[in-house]
Structures are given as structure tokens and as C-alpha cells.
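Because only heavy atoms are used, hydrogens play no part in the values below, and waters and symmetry mates are left out as well, while side chains stay in. These numbers come from a predicted model, not from an experiment. Start at 1 and go down the list; that is how both ligands and their atoms are numbered.
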Amino acid sequence: MLLLIKNADVYAPEPGGRCDLLLGGGKILRMEPDIRIPRKYCEVLDARNFKAVPGFIDGHVHIMGGGGEGGFATRTPGLPLTDAIMGGVTTVVGCLGTDGYTRNMAGLLAKAKGLEEEGLSTYVYSGSYGLPLRTFMPSLEEDLLFIDKVIGAGEVALSDHRSSQPTFEAFTQVVAMARRGGLLSGKAGIVNVHLGDGPRGLDYLRRILAETELSATQMWPTHINRNPRLFEEGIAYAKGGGFVDFTTSTLASYLRDGEIPCSKALRRMLEAGVDPGHITFTSDGQGSLPDWDPKGRLQDISVGRVTSLFPAVRQAVQEEGIALETALRVITANPARILKLKTKGRLAPGMDADVVLLDPRDLQVRSVIAKGRLLMKHGKALTKGMFE
Ligand code: ZN
């Protein structure tokens, strides 16, 4: 069945004016004013009062759960489909975190395939916090070559007490393997790098650019908004051509301790002259949000949510005065380009039919379409996960 979205105010993410979108076979077939199709051939969604934007891409989600940093009972649950739907997230990249032992690549791939069956588009990174990388095939290059869903490695932890304290050489080798596997497979071959609060910050990444032939396109450092010092380093790194990712799941205590809200972080980066194409947001959904005391003892632990992703973009528009088309890029066109997801992140004929309709008054997510299938209509989810 075709789906015809009528009269939407299109942000592709750049403003495209009033258009109809004809969706079929999981793709955007046409996008132009006044498409006429006999009603018996298509379902019609009147979008006269809505903005149509690309489905959101969340490039860092612990889809099978994560955590466990306070013992077994603190292992977090996997991603429920409903959270993605309510958050307008139509594409997720799954990762493993601190725990690459009770969680592994087989489980991560199985969860990614399950979410794909339920309607999302899913990808994964190979490995987890620690090095040497635990891949599915004998090497990262082979994971990239032979497992469709693998688009890179990560989240490899640096500058953190939970990292494996990898040497510079060991980390560089992972970026090199990602580069080689990416070239051979035609994928991004990117390393998603978790940055902790440690004083070494982005040191290894800067050294890779200064001392090796590898380029900034192979590294995507995340949690750059976690403290003021790392954030300042991030500005310089991004101005030097690197990508920087901010984490939208947060706690009030993190903000008190100096974490910069994503909306403010975006404004400050833009004011500092960073290329808007180099900034992204991810949610760290289903990851644990541990609250450590100054002596490193775990005080409390909660769970990140993919539903935090778009509210950070909305906040950037409503509170920081950033244009919608600029703010949208950080969860649509930018991650699609950085992760080489060629049919994602934009509204245009030939792209995947991932569309979110926003209420223009309050920018609330009202309807969600993933690969041409309506998952939410007028604020109501039309489906849910198998065991929800
Ligand atoms: Zn992380």
C-alpha cells in the first residue's frame, strides 16, 4: 500500500516549503506539491498542520541493555520499541559498553535484527569499552566486510576509570582496522569513542591526527558535553576537522557537576565557529547513568532513554534560538553522512521513507513513519514491541 502525506511543511532538513510525499516500498517515491493518486491505491495522511522532518537517527544506543557497574542487579534492560516510536527515532546504532562479557556481539546482533523485524532500521558497532576488541568474526575488518549491520567499532572507552587503559598504539590499531574494513566494505568504518572525565581527554585522537596517516573521519567521540574541560577540547578538535557528539540522556546531578546541556553545547559550538555539519547528538539510550561520589563510590544508577534525543533538539530551537533546520541536522543529515548511511537522514525521492511529523506550535512528535510504515499517528503509537 502506498502512503501519501499531503501538504506538509517540509524540512529535509533544509526548508522545502509545502509538499506532498508519496511513500511506497519503504522509500520516498515522490516529493512535490500536489501529488494526485486515486484514493483506492493509497492511504492518505493529511499533514496540512504539520512539519515533515526526516526520521531521527540515534547513533549510540545500548539496544540490548548495558550498565552492570553496580553489580548484576544494575544491568539495564534492552530498548523497548515503544521508546523509539515515541521519540521519533527510526534508525538506531547499537553498542556494547563497560560490559562486553555478559553481553556480546551475538546478543547485540540478535537484538538489532529483532528491532529491524519490528520496524526500525538498525546497525551495530563491533566491540565494547575494552581493548583488545571482541569482534564476531576473527577481525574487525571481517565484521565490516561480512556482517551487514556492522558499520564500525565501539564504544571504545578512553580517559575513563572504566576503560581498559589501552595504549596509544593499541587504540591506533583499532582505528586503522576500522579504516581498512570500512574501505573494503564501502562502510563508514568509524570508531565510536567513549570519553570519560579523565584529564587525558581527547589526547589519543589528537595524536592520531598529528602522528599517523589516519583522518578524523574514522573517529566519532561521544559524551563531549560531559564536563567544561572536555567541551573546550571538543571545540578545538571540531574546529580542526573532527566530529563531536553530545549525549542527551543526563541527570540533574550531572548538570550540577558541570555537564553542559546539549542545546547549550550546540549553540556554544556554533558561536565558536564550528562547522554545523560536524556536530551530532545521540541519546546513550538504555545505557546506565551511574552517579558516583567524589571517592568513586556508586551512589545511584538510572537508565538513559532514546526519548531524550529529540527534546534536546527542540530545546535548542525553543530556548537557544537555533533555526530548526540547523538543529535538526544533528540527529538526521549529520549522523547519516558521518556513518555513511546513504539512504538515511534526508527527505528526498529515493531515500528511505523515514518521516516524523511535528506539531509546529510546540514541536511535539505527532506521527512517525519508518520504512514507509506508520508507527505513530496523531500522537498514538500504532504498534508495540513483541513483549511490551
Ligand atoms: Zn559511553
Could you pull out all residues at least two apart from T135 that satisfy side-chain contact (heavy atoms from CB on, under 4.5 Å)? S126, L133, L140, D143

E117: salt bridge (Lys or Arg N to Asp or Glu O under 4.0 Å) partners, not counting sequence neighbours: none

Can you list the residues that meet the salt bridge (Lys or Arg N to Asp or Glu O under 4.0 Å) rule with E320, with sequence neighbours excluded? K264, R267

Would you say E116's side chain and T122's backbone share a donor-acceptor pair under 3.5 angstrom? yes

Modelled atom types, side-chain donor and acceptor of D245 and H60, under 3.5 Å: no

Keeping to distances under 2.8 Å, can you name the protein N/O/S atoms close to the Zn ion (ligand 1)? E155 OE1, H194 ND1, H223 NE2

Does the Lys NZ or Arg CZ of R226 fall within the cation-pi geometry relative to F231 - under 6.0 Å from the ring centre and within 45° of the axis? no

